[in-house]
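The block underneath contains the structure these notes are about, expressed in structure tokens.
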2 protein chains.
Amino acid sequence: MINIQQLSQELGIGIDTLRVWERRYGCPKPQRDRHGHRSYTEEQRQELGIVRKLQDLGERPGNIFALSPQQRQRLLEKRVTDRAPADDDLRQLALTLPIVELTIALRHRLSSSGLYDFIHKTAVPLLHLLGYGWVEGSISIAREHFISDLIESMLQAELRRQAVAEEAPHLLFLNLSGERHRLGLLMAAALFQLEGCRSRLIQEHLPLNEVAPLAKELAADAVALSFSGQYPELKAKKELVELRRKLPAQIKLIAGGSALKNKVYLPGILLCSDLHQIPDIRKHLFGAAQQGQKEQP
Amino acid sequence: MINIQQLSQELGIGIDTLRVWERRYGCPKPQRDRHGHRSYTEEQRQELGIVRKLQDLGERPGNIFALSPQQRQRLLEKRVTDRAPADDDLRQLALTLPIVELTIALRHRLSSSGLYDFIHKTAVPLLHLLGYGWVEGSISIAREHFISDLIESMLQAELRRQAVAEEAPHLLFLNLSGERHRLGLLMAAALFQLEGCRSRLIQEHLPLNEVAPLAKELAADAVALSFSGQYPELKAKKELVELRRKLPAQIKLIAGGSALKNKVYLPGILLCSDLHQIPDIRKHLFGAAQQGQKEQP
DNA sequence: GTTATATTTCTGTCTAGGACAAATAACCAC
DNA sequence: GTGGTTATTTGTCCTAGACAGAAATATAAC
């Protein structure tokens, strides 16, 4: 039994939105407490979690609520298995392995396969499985958060551990999409650093018009922004164009995130719709300079 | 010119609250755009920033809005200088030093004075100066965020760098106060680790009833929670008592944060109202075991 | 004087239902 | 297919009132 505010926070859906959904689709139909305030059950929370995930995958509310809860569940399972080919090993890791062993297994994977493969073959599919995957109902919130926190801290440690050459290009990574989706940016930063750049990541949310002065003061060679799927596409474009205008020409601008899936062309802005493009982007921007970077013992 | 949502996010004040303040105190009196929507100026943003900070320091809205903007500003300056004795060196660091040099200066302080002194003599007063200190109007948001981000990453690196003995007590640090105030918990974690504990920090927001199972699964020896000043005191107490009930007796419970400033006594719960108490708490909980911990090269 | 309990004031968050811009889909011409 | 219009969907804002829970103050008891 939770109130509307808690529900809103846990799901990342606005309070107004929850109320208007109830009005329009009749769907999150909460009980009322003795003061007439909405009171949601754990079951409703889970149901809305599925709705939220379908929405993230591009489905629209009108269509989602036209389905029954069972249909929604099936649809989500289908979408997830379509996108993240079910590696059974990873599946077991995500869903059932005790977290102490899971920690060890992840560290092992990182050290045996290297950062590049770790990101592409472990972190990305694992997070995908987590984000959309506890449809099966068996993962606790604590487990979900613990695992993403773990991956985040592993990546940050790697980012710090790698030494880069003094004269390497200096990239500034910024997150504009609220607090969520920090991991996408972090992975991009790690991959760029692997390509011989110096990545500097700022987690806190910055107003757009403070970005250009900061980049100048830091003498960055490029600024990289990430827009989550939630971010309205047009807004993202406008902001990018404006930032490009404010930024000196010698500072490059890189944009990524699922909000920019359509391969629109914006002058002077490099789109990175897939982490796999990073090596090419790096070459395109800074030429084929020193690729290998030393690692500290 | 920003809308109410942006203002709410940047200040950490709810939309409803902003509207009700306008209704009651007539104070954030925004212009309206052509649709009748509220539109705030940069100046108003700054003014409300001061209000917010006074509130954090314990002042109540009714009293704050009874003052003129100038009086508010003066009051805040007084409160800040009272609390953080103005170290001119640090002041210059926070307010005027170019951030590149600032980074170097901070790293230098850390390596020369050690983690303990760095936290107590640099990080705490610096953050205080930042959090309440850009009253002087001269610090940009970007600078504020950059510096706290920098300190956070330095502390996290230290946390990871320090090796602790296998058999050291295992502490689990959790943040219940939303996304802000991560730094207080991080500093506590670092200080406990310095006292020979193994600190594990989880940044993401967890529902209270998931805490006990997680602590059990991780075989933690203690759980440490932080409640920010915003957190209602009674709620914090209730939640602590409930958590204590759910947690096995052998897992200790430590609570900190400015929400618990009144030294109430709760059975089975250790209050840590000041970072300086940490060495004592550690001794009290786990005896005077191996104090020194090795550092990795 | 201190501690406990009741009363009052203050403050944030909830409610309803309407409005409407921005985002997206559907359509149509080229 | 590509570009531009129209229709629909969807999230966020609006007003203004209600009221619970927190904090401050007053009152009583030791």
Side-chain angles (χ1 to χ4, degrees), chain A residues 2-9 11-28 30-40 51-52 54-55 58-66 178 227 229-239 259-265, chain B residues 2-9 11-25 27-28 30-40 51-52 54-56 58-66 178 227 229-239 259-265:
Chain A
I2 56 177
N3 66 14
I4 197 169
Q5 178 157 250
Q6 283 179 278
L7 187 73
S8 164
Q9 279 204 336
L11 293 171
I13 299 174
I15 289 182
D16 271 322
T17 306
L18 288 170
R19 280 200 281 252
V20 93
W21 281 0
E22 182 182 341
R23 214 193 304 166
R24 286 197 186 128
Y25 314 113
C27 180
Q31 293 179 262
R32 300 303 182 115
D33 65 11
R34 94 193 107 98
H35 320 298
H37 291 189
R38 292 170 174 79
S39 186
Y40 299 86
V51 172
R52 167 75 211 257
L54 280 170
Q55 201 185 194
E59 228 63 44
R60 307 192 69 190
N63 302 324
I64 298 172
F65 286 114
F227 297 88
Q230 297 283 52
Y231 217 87
E233 193 171 341
L234 249 166
K235 195 173 169 193
K237 279 188 206 169
K238 278 184 200 158
E239 295 188 347
L260 305 169
K261 50 183 185 287
N262 302 338
K263 37 188 171 181
V264 287
Y265 175 74
Chain B
I2 56 177
N3 66 15
I4 196 169
Q5 180 156 248
Q6 283 178 278
L7 187 74
S8 164
Q9 280 203 336
L11 293 171
I13 299 174
I15 290 182
D16 273 322
T17 305
L18 288 171
R19 280 201 280 252
V20 93
W21 281 359
E22 183 182 341
R23 213 194 303 169
R24 286 197 187 128
Y25 314 113
C27 180
Q31 294 179 262
R32 300 302 182 115
D33 66 10
R34 93 194 108 97
H35 319 297
H37 290 190
R38 291 170 175 80
S39 186
Y40 299 85
V51 171
R52 168 73 210 258
L54 280 169
Q55 203 186 191
D56 272 355
E59 229 63 43
R60 308 193 67 188
N63 302 326
I64 298 173
F65 286 114
F227 297 88
Q230 298 283 50
Y231 218 87
E233 193 170 341
L234 250 166
K235 195 173 171 195
K237 280 188 205 167
K238 277 185 198 157
E239 294 188 349
L260 305 169
K261 50 184 186 288
N262 302 338
K263 37 188 173 182
V264 287
Y265 176 73

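Convention: sequence-line order gives letters A, B, ...; per-chain numbering from 1.
- Using a 4.0 Å heavy-atom cutoff across all strands shown, A:Arg19 reaches at least one base atom of the nucleic acid.
- Between D:dC13 and B:Arg38, no contact under 4.0 Å exists linking OP1 or OP2 to a side-chain N or O.
- Of the residues near DNA chain C, B:Gly62 and A:Arg24, the one whose nearest nucleotide (by heavy atom distance) lies more toward the 5' end is B:Gly62.
- Taking side-chain N and O atoms only, A:Arg34 has no distance below 4.0 Å to OP1 or OP2 of C:dC14.
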- [ ] Decide side-chain contact (heavy atoms from CB on, under 4.5 Å) for A:His37 and A:Ile4; before the verdict, give the C-alpha distance in whole Å, the side-chain angles of both, and the deciding distance to 0.1 Å.
- [x] CA-CA 8 Å; A:His37 291 189; A:Ile4 197 169; over 6 Å; no
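- Atom CD of A:Glu59 is separated from atom P of C:dT24 by 14 Å (rounded to the nearest Å).
- Among the atoms of the strands shown, none is found under 4.0 Å from any heavy atom of A:Phe65.
- Side-chain N/O atoms of A:His35 include none lying less than 4.0 angstrom from OP1 or OP2 on D:dC19.
- Looking at heavy-atom distances under 4.0 Å, A:Arg32 makes contact with sugar-phosphate atoms alone, never a base.
- Taking atom CD of residue B:Gln5 and atom C1' of nucleotide D:dC14, one finds them 14 Å apart after rounding to whole Å.
- The residue A:Gln55 sits close only to the backbone: its heavy atoms come under 4.0 Å of sugar-phosphate atoms, none of a base.
- Residue B:Arg23 places no side-chain N or O under 4.0 Å from the OP1 or OP2 atom of C:dG12.
- For A:Thr17, no side-chain nitrogen or oxygen approaches OP1 or OP2 of D:dT10 to under 4.0 Å.
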